[in-house]
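Each remark here refers to the structure printed beneath this line.
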Protein chains: 2
Amino acid sequence: MIGQPPPERADAARNRQKIIEVASRMIAEHGADQLSLDEVAKEAGVGVGTVYRRFGDRAGLVWALIDEREHRFQQAFLSGPPPIGPGAPPAERIRAFLSAVVDRVMDQEDLFLLVELGSPKARFGGPYKVHHTHLAGLLAQARPGADARFLADALLASVNAYLIRYQRDERGMSVEAIKSALDDLALSVTGGPPTSRRRG
Amino acid sequence: MIGQPPPERADAARNRQKIIEVASRMIAEHGADQLSLDEVAKEAGVGVGTVYRRFGDRAGLVWALIDEREHRFQQAFLSGPPPIGPGAPPAERIRAFLSAVVDRVMDQEDLFLLVELGSPKARFGGPYKVHHTHLAGLLAQARPGADARFLADALLASVNAYLIRYQRDERGMSVEAIKSALDDLALSVTGGPPTSRRRG
DNA sequence: CATTGAATCGGAGGGTTCTCCGCTTATTTC
DNA sequence: GAAATAAGCGGAGAACCCTCCGATTCAATG
């Protein structure tokens, strides 16, 4: 989403590609929390300085890996079929979106966990801004008068990778149960049944 | 809240005290993000191994510092005067509690920021469990039939230190505005006005 | 091609977190 | 007191993140 005034040099592009390949493979083999940038550099045959020049820091590299699958996800909620895409009423799109975010996070759970313990810049950068803008737009329609941007942050905070993992592993909730509870929360926020509610 | 079968030895207690003192002073002088455990150890006149034996890791030490003010806060919502303490209706206590949590986080903002980038064990340990149990209890009363424990996690996720700081510094929201929006969210969740609502 | 200057590379090194384990000390028991 | 033993101590060192900057390489130009 940012223009690159001078196009990337050939060797730089080659190295970026190689680094991403190696990092993906090492994560698949040893798990994301074992990822050492020193080792990635050595394995990719470049200096560690090159890794940092290309990706800024550890979280930057992780975002690059996340981005590979992110585009398809964004297509779905920006221009895909309802209920997540345009066409369904806002409240319904919100619920479909949140459910999809849960799946999205589970899909690359380790990577999202890593990103979330990076710097704030990393946490709220990357795809977060896109998700937030989208959700805030829908909320503004579904619940005019409320602070849509705050609510968007609050809902996204409820689907952060750490919390989901905690609820799954420590509280023994299934992913379905999490989605159901989230659905209930979204219903409340968008003006659903005030005190009773239909079954999940 | 955990029994300690063998009481702590005198030298160990002395060292714990000394380490906490030194850490508090160093944070007051240089800021929490500059806190180096090596330096704390040297300054306290103990080996770095002693620091880790006593506090487990960096986040453990930070919790110990947070705990010093935590007790007074817990008194307030467990047995203090309404609306945060017993006596007020649950929905009102929830809103008062959330507002107080925001103040609590702002009070030791740097420390909460540090804790939140520790391991999950650190994040959901310590005071978190107490806050969660309290909030879930109130939610179960205010909104029977809903998944109170999930909702408690979701609301607490909305008041995490990173998010508050982000809203304050990047979005330019005042603490009052944050509290007001949070109040709105809590009203929705506890069965407040479905779509319109009174002004914050 | 040869030149040239800007972009890129790479790895030594500073600073940090945390582990490991032989040595020391407090406390209990006789 | 002295001996026994469990707990605690401490610092060397492994592993890691990231910075810095001289050496190198690319690609545009004549």
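By convention in this document, chain letters (A, B, ...) are assigned in the order of the sequence lines, proteins followed by strands, and residues within each chain are numbered from 1.
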What is the minimum heavy-atom distance between I178(A) and R168(A), and which atoms define it?
-> CD1-N, 4.3 Å

Residue of the set Q74(A), E70(A), R104(A) for which side chain to side chain donor-acceptor pair (under 3.5 Å) holds with H131(A) | E70(A)

Report the nucleotide, chosen from dA12(C), dC9(D), dC9(C), that has the shortest atom-to-atom distance to any side-chain atom of R54(A).
-> dC9(C)

Within this structure, what is the CD-to-C1' distance between E8(B) and dG8(D), rounded to whole angstrom?
-> 10 Å

When all nucleic acid strands are considered with a 4.0 Å heavy-atom cut-off, which category describes R58(A): base, sugar-phosphate, or nothing?
-> sugar-phosphate

So, is T50(B) near the phosphate of dG8(D), with a side-chain N or O under 4.0 Å from OP1 or OP2?
-> no

Just how far, in rounded Å, is P of dT16(C) from CG of D57(A)?
-> 18 Å

List, one per line, each side-chain donor-acceptor pair under 3.5 Å for residues 29-54 of chain A, sequence neighbours excluded.
from   : atom 1 : to     : atom 2 : distance (Å)
S36(A) : OG     : D38(A) : N      : 3.4
S36(A) : OG     : E39(A) : N      : 3.2

Which pair of heavy atoms, one from R93(B) and one from A88(B), lies closest together, and at what distance?
-> CD-O, 3.6 Å

Residue pair Y52(B)/R53(A) against DNA chain C: nearer the 5' end by closest nucleotide is R53(A)

If you take all heavy atoms of L61(A) and A23(A), which pair is closest and at what distance?
-> CD2-CB, 4.2 Å

Are any non-hydrogen side-chain atoms of P83(A) and F97(A) less than 4.5 angstrom apart?
-> no

If each of G47(B) and D11(A) is mapped to the nucleotide of DNA chain D with the nearest heavy atom, which maps nearer the 5' terminus, i.e. the 5' end?
-> G47(B)

Side-chain donor-acceptor pair present, S188(A), R143(B), cut-off under 3.5 Å | yes

Residue-level proximity of residues 34-45 of chain B to DNA chain C when a heavy atom falls under 4.0 Å | L35(B), S36(B), L37(B), D38(B)

Taken to the nearest whole Å, CG/D33(A) to C1'/dA15(D) is 15 Å

Would you say R9(A) reaches dT8(C)'s phosphate, i.e. side-chain N/O to OP1/OP2 under 4.0 Å?
-> no

is_close_aromatic(Y166(B), Y162(B)), centroid dist under 6.0 Å | no

Here the residues of residues 13-25 of chain B within 4.0 Å heavy-atom distance, strictly under, of DNA chain D are N15(B)

List the atom of E8(A), the atom of A12(A), and the distance in Å for their closest heavy-atom pair.
-> CG-CB, 3.7 Å

